[in-house]
Amino acid sequence: MDFARRIQVLPFRSLSSRNVPRVRRVLRISPGQRPTDPTGEPIFWGLCQHLGVPVSQNAAGHMLGHVRDTGHSIAAPATRGYQTREMLPFHTDGSDVLGLLYLRAARSGGRISVVSSAAVHNALLARRPDLVEGLYRTHFLDRREEHTPGERPYYTVPLASWSGGKLSMRYNRCYLESAQRFPDVSRLERTDMELFDLIDELSVSPELRLDVGFEVGDLLLLNNHAVLHSRTEYEDFDEPEQKRHMLRLWLTLQQGRELPPDFWGDMHSSHCGPGRGGITPRDMITTHNSASFGGSFRHQ
């Protein structure tokens, strides 16, 4: 398939003034060639293969994900946010890059917003420097029942880390709080809740937040290490063929940034080449040298 011929690249206006330095451009499918469910998948997959290596997004081993409402609630411990129509506060995903291809819009709502994690970090330092240290200590993230036998049901990770002179953040308040259901997880303290509250407050502030003009046919690429994203609640159509639908890929970049060994919160080194990030499928056999095989051997 001639992807270059079918895709129109539209420069995205500079976002440096809004402190979102890692959203550079969107790809927009020309109106006469906008993908439907059958055609969108090969277009999306083919384009993203030029950027990086897809990794598994869930315990079922799905490389190409479908973002749509399944009728479940994020309150259920085995449900992930992309499976619901609920509001998703600012968070990061479990890979170098998040890719989304917009196939069908909801009846209303579902707006996507982004914010620079560096801008949030700096604003936090200016407002409450006493809380910044909490970003760098160990926290616990719920794995939402997607761990393999013998593994812990949560990750132990810092929310922020430096490596190669770059700040990387990993944040999902929903999973931080739901990890409290495990008795061996340290209890959240008052300063933890103050830290989470301020991160959320700063992320939604008009001075830092950018609401993305994301339309049907657009492909959005976000650097998870540098950008947090959110989604408003949406109302869907009754007809199944009209319901909101996006395709999603988690990508390891061909030349990704250096990350500290504890960034992903599992036993593997973060310098394992193709396939870092992602969630280990339940039917995958992991060996001590699994990194040499590439693929999705790492966790969210």
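Heavy-atom basis, side chains included; hydrogens, waters and symmetry copies ignored.
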Task: Close side-chain approach of H66 and E41, heavy atoms under 4.5 Å - done: yes

TODO: Kindly write out the residues that satisfy salt bridge (charged side-chain N to carboxylate O under 4.0 Å, His left out) with D200, not counting sequence neighbours, or none if the list is empty.
DONE: R173

TODO: Classify the ring geometry between F196 and H139 as parallel (under 30°), tilted (30 to 60°) or perpendicular (over 60°).
DONE: tilted

Task: Pair R276 + D96, salt bridge at N-O below 4.0 Å - done: yes

TODO: Sequence neighbours left out, what passes side chain to side chain donor-acceptor pair (under 3.5 Å) with S203? Give chain and number order.
DONE: none

Open item on the list: For a 4.5 angstrom cut-off between non-hydrogen side-chain atoms, does T79 reach T84?
Closed with: yes

Open item on the list: Whether the side chain of R85 engages the backbone of Y234 through a donor-acceptor N/O pair (distance < 3.5 Å, no angle test) should be reported.
Closed with: yes

TODO: Would you confirm whether E146, through its side chain, and A59, through its main-chain N or O, come within 3.5 Å as a donor-acceptor pair?
DONE: yes

Open item on the list: Please check this pair: side chain of S117 against backbone of A226, looking for a donor-acceptor N/O pair closer than 3.5 Å.
Closed with: yes

Task: Closest contact, heavy atoms only, R107 versus D236 - done: NE-O, 3.6 Å

TODO: Check the surroundings of atom CD in E239: do more than 12 heavy atoms from other residues, nucleotides or ligands lie under 6.0 Å from it?
DONE: yes

Task: Whether R143 side chain and E151 backbone form a donor-acceptor pair below 3.5 Å - done: no

TODO: Walk me through it: do D211 and S113 pass the test side chain to side chain contact (heavy atoms under 4.5 Å, CB included)?
DONE: CA-CA 4 Å; D211 300 329; S113 300; 2.5 Å; yes

TODO: Sequence neighbours left out, what passes salt bridge (charged side-chain N to carboxylate O under 4.0 Å, His left out) with R152? Give chain and number order.
DONE: none

Task: Side-chain (R144) to main-chain (A76) donor-acceptor, under 3.5 angstrom - done: yes

Task: Neighbour count >12 (heavy atoms, 6.0 Å) for atom CZ, R190 - done: no

Open item on the list: Could you list the cluster mates of F140? Members are the ILVMFWY residues connected by side-chain heavy atoms closer than 4.5 Å, either directly or through other members.
Closed with: Y154, F182, V185

Task: Test of ring centre spacing under 6.0 Å for Y175 and H91 - done: no

Open item on the list: Could you check whether any side-chain heavy atom of E86 comes within less than 4.5 Å of a side-chain heavy atom of S73, counting everything from C-beta outward?
Closed with: yes

- [ ] Keeping the roles fixed (side chain from S56, backbone from I279), state whether a donor-acceptor pair exists under 3.5 Å.
- [x] yes

Open item on the list: Between I112 and S230, is there a side-chain heavy-atom distance shorter than 4.5 Å?
Closed with: no

Task: Within-4.5 Å side-chain heavy-atom neighbours: T191 and L195 - done: no

TODO: Could you tell me whether E194 and R127 make a salt bridge, using a distance below 4.0 angstrom between a side-chain N and a carboxylate O?
DONE: no

Open item on the list: Between the side chains of K243 and D69, is the shortest nitrogen-to-carboxylate-oxygen separation below 4.0 Å, so that they form an ion pair?
Closed with: no

TODO: Output yes when R170 and D262 qualify as a salt bridge under the 4.0 Å nitrogen-oxygen rule, no when they do not.
DONE: no

Open item on the list: I need the minimum non-hydrogen distance between R187 and D192, along with the two atoms involved.
Closed with: O-OD2, 4.4 Å

Task: Linked hydrophobic residues, M87 as query - side chain contacts closer than 4.5 Å - done: none

Open item on the list: Restricting to non-hydrogen atoms, name the atom on A160 and the atom on L167 that form the minimum distance, rounded to 0.1 Å.
Closed with: CB-CD1, 4.0 Å

Task: Test side-chain contact (heavy atoms from CB on, under 4.5 Å) applied to Y171 and V120, L228, L135, the passing residue - done: L228

TODO: Please identify each residue that fulfils side-chain contact (heavy atoms from CB on, under 4.5 Å) with L98, with sequence neighbours left out.
DONE: D93, L100, L222, N224, H229, R248, W250

Open item on the list: To the nearest 0.5 Å, what is the distance between OG on S95 and CG on L249?
Closed with: 9.0 Å

Open item on the list: So L259 and W264, do their side chains get closer than 4.5 Å, heavy atoms only?
Closed with: yes

Task: Min side-chain heavy-atom separation Q49-P54 under 4.5 Å - done: yes

